[in-house]
There are 2 protein chains.
Amino acid sequence: MPTMTAAQQREQAKHEFDAFLADCPSRVVLERISDKWVTLVMASLSDGPRRFSELSRRLAGVSQKMLTQTLRTLERDGLVSRTVTASVPVRVDYELTDLGHSLQDPIKLLKAWAEDHVPDVREAQERYDAAHDAGKNS
Amino acid sequence: MPTMTAAQQREQAKHEFDAFLADCPSRVVLERISDKWVTLVMASLSDGPRRFSELSRRLAGVSQKMLTQTLRTLERDGLVSRTVTASVPVRVDYELTDLGHSLQDPIKLLKAWAEDHVPDVREAQERYDAAHDAGKNS
DNA sequence: CTGGATCCCCGTAGATACTG
DNA sequence: CAGTATCTACGGGGATCCAG
């Protein structure tokens with residue numbers, strides 16, 4: 001592998017990944033970012049750095065455990081940077097990296113779609129439930 | 001809570017579809033579409049109808065249970081239509097609805113991002129692990 | 001045979017309590 | 001304040017069984 005620069009390797013790798021194959025790296029990455037907490041955390045960090053407690057408050061319903069875990073994974077994947085300020089009390093800020101910012105557009109689109117189509121989904125659910133409940137009461 | 005100023009009402013309405021609030025409908029929808037199987041199934045259906053067995057084969061690694069469950073939810077949410085052809089053996093086709101198609105762009109963007117940034121993520125993981133393992137070997 | 005439901009096991013999310 | 005530790009419970013995965 002010495003006769004190939006990192007850039008060349010990356011360029012080649014780009015075209016070899018099909019997210020549908022089970023053990024394909026791109027699928028692993030896709031599964032990682034297709035996670036509800038990942039989506040929400042990334043969206044929460046879209047407008048600047050946030051402290052742990054801020055995220056915890058903003059993402060009502062997330063447990064500290066899952067928030068910590070999600071942030072660790074995002075940090076490991078290079079999407080989020082973690083900055084510890086050694087004061088009393090300790091202050092920890094999380095911020096999107098450049099790589100993290102590059103994921104913002106897809107996530108924002110997803111979030112926008114969700115907020116846009118709530119009525120459609122609800123209506124579909126009601127129709128489905130109505131048709132299904134009717135079948136049950138026979 | 002009956003006494004609410006117009007300003008307060010406007011402020012609340014603004015956040016009515018804010019995906020960060022725990023019990024907000026848009027958050028529920030966002031959580032639903034931020035699911036690895038949802039993403040993969042929706043992507044698999046992007047280029048036309050697919051039979052159950054086709055999906056099962058294409059999405060290597062998915063259990064029949066999760067595939068069925070995911071498809072049911074997507075059908076209930078109005079993103080996918082289910083067509084049963086009463087032949088022998090039975091043939092069941094799944095196809096994107098108009099609503100489902102409207103979700104294609106966000107999902108394709110997500111998938112493209114994953115396939116594009118595999119090298120970046122891998123590199124970040126290696127750096128993180130290296131830095132972290134170093135701390136462990138003390 | 002295809003599509004799917006059901007049962008059981010295990011991993012992981014989630015709530016709580018505790019610590020640097 | 002920002003986590004870790006522990007326990008429980010729910011949900012995913014595989015095997016098996018069922019209907020058409």
Side-chain angles (χ1 to χ4, degrees), chain A residues 21-23 27-28 30-41 44-45 49-76 80-95 128 131-132 135-136 138, chain B residues 20-23 27-28 30-41 44-45 49-77 80-95 128 131-132 135-136 138:
Chain A
L21 300 172
D23 45 359
R27 165 123 163 220
V28 176
L30 183 57
E31 288 182 359
R32 181 143 310 170
I33 60 179
S34 298
D35 175 81
K36 68 173 182 176
W37 292 128
V38 167
T39 308
L40 286 165
V41 168
S44 294
L45 289 172
R50 287 278 181 275
R51 301 186 59 175
F52 184 89
S53 52
E54 287 179 310
L55 291 172
S56 189
R57 248 174 283 118
R58 192 166 187 188
L59 298 177
V62 69
S63 62
Q64 304 98 308
K65 179 185 169 182
M66 284 315 297
L67 184 54
T68 302
Q69 200 175 94
T70 304
L71 287 167
R72 283 276 180 284
T73 309
L74 291 176
E75 188 194 358
R76 179 169 181 264
V80 160
S81 68
R82 180 172 179 269
T83 311
V84 182
T85 308
S87 57
V88 177
V90 184
R91 176 195 180 95
V92 181
D93 283 279
Y94 292 93
E95 186 174 8
Y128 181 93
H132 218 278
K136 279 186 177 177
S138 59
Chain B
F20 292 127
L21 300 172
D23 46 359
R27 163 120 165 222
V28 176
L30 184 57
E31 288 182 0
R32 181 143 311 171
I33 59 179
S34 298
D35 175 80
K36 67 173 183 177
W37 293 128
V38 168
T39 309
L40 286 166
V41 168
S44 294
L45 290 171
R50 287 277 181 275
R51 299 187 57 177
F52 185 89
S53 51
E54 287 180 310
L55 291 172
S56 190
R57 249 175 283 117
R58 190 167 187 187
L59 297 178
V62 70
S63 61
Q64 305 97 312
K65 180 184 171 183
M66 283 317 295
L67 184 54
T68 302
Q69 200 176 92
T70 304
L71 287 167
R72 283 274 179 285
T73 309
L74 290 176
E75 187 195 358
R76 179 170 181 264
D77 292 349
V80 160
S81 68
R82 180 172 179 269
T83 310
V84 182
T85 308
S87 59
V88 177
V90 184
R91 176 195 179 94
V92 182
D93 283 280
Y94 293 91
E95 187 175 8
Y128 182 93
H132 218 279
K136 279 186 176 178
S138 57

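Letters A, B, ... mirror the listed sequences (proteins, then strands); counts begin at 1.
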With 3.5 Å as the limit, what N/O pairs link the protein to nucleotides 12-19 of chain D?
residue : atom : partner : partner atom : Å
D/dG12  : OP2  : B/Q69   : OE1          : 3.1
D/dG12  : N7   : B/K65   : NZ           : 3.4
D/dG13  : N7   : B/K65   : NZ           : 3.4
D/dG13  : O6   : B/K65   : NZ           : 2.4

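- Using a cutoff of 4.0 Å between basic side-chain nitrogens and carboxylate oxygens, A/E31 and A/R27 are scored as salt-bridged.
- Proximity of B/T68 to the phosphate of C/dG3: no side-chain N or O atom is located under 4.0 Å from OP1 or OP2.
- In this structure, B/R72 has no salt bridge (charged side-chain N to carboxylate O under 4.0 Å, His left out) partners at least two apart in sequence or on a different chain.
- Side-chain nitrogen and oxygen atoms of A/R51 include at least one within less than 4.0 Å of the OP1 or OP2 phosphate oxygen of D/dA2.
- Distance CG/A/L67 to OH/A/Y94: 7.5 Å, rounded to 0.5 Å.
- A/P89 comes within 4.0 angstrom of sugar-phosphate atoms only, judged by non-hydrogen atoms across all strands, and of no base.
- Mapping A/F52 and B/A86 onto DNA chain D via the closest heavy atom, the residue that lands nearer the 5' end is A/F52.
- In this structure, A/Y94 reaches the D/dG3 phosphate: one of its side-chain N or O atoms is under 4.0 Å from OP1 or OP2.
- For C/dG4, one of the phosphate oxygens OP1 or OP2 lies less than 4.0 angstrom from a side-chain nitrogen or oxygen of B/R72.
- The separation between A/R57 atom CZ and D/dG3 atom P is 14 Å, rounded to whole Å.
- Across the protein-nucleic acid pair, B/L55 atom CG and C/dG4 atom P stand 10 Å apart, rounded to whole Å.
- For B/R82, the listed nucleotide lying nearest its side chain is C/dG4; candidates were C/dG4, C/dT2, D/dG3.
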Query raised in the report: How far apart are the C-alpha atoms of A/L55 and A/L45, what are their side-chain angles, what is the distance that settles it, and do they pass the side chain to side chain contact (heavy atoms under 4.5 Å, CB included) test?
Result: CA-CA 8 Å; A/L55 291 172; A/L45 289 172; 4.0 Å; yes
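- Remark: the backbone N or O of A/R51 is paired with a side-chain donor or acceptor of A/E54 at under 3.5 angstrom.
- To the nearest angstrom, P of C/dA5 lies 12 Å from CG of B/L67.
- Using a cutoff of 4.0 Å between basic side-chain nitrogens and carboxylate oxygens, B/D77 and B/R32 are scored as salt-bridged.
- When the P atom of D/dG11 is taken as reference, atom CZ of B/R32 falls 12 Å away, rounded to whole Å.
- When atom types are taken as modelled, the side chain of B/S56 and the backbone of B/F52 share no donor-acceptor pair closer than 3.5 angstrom.
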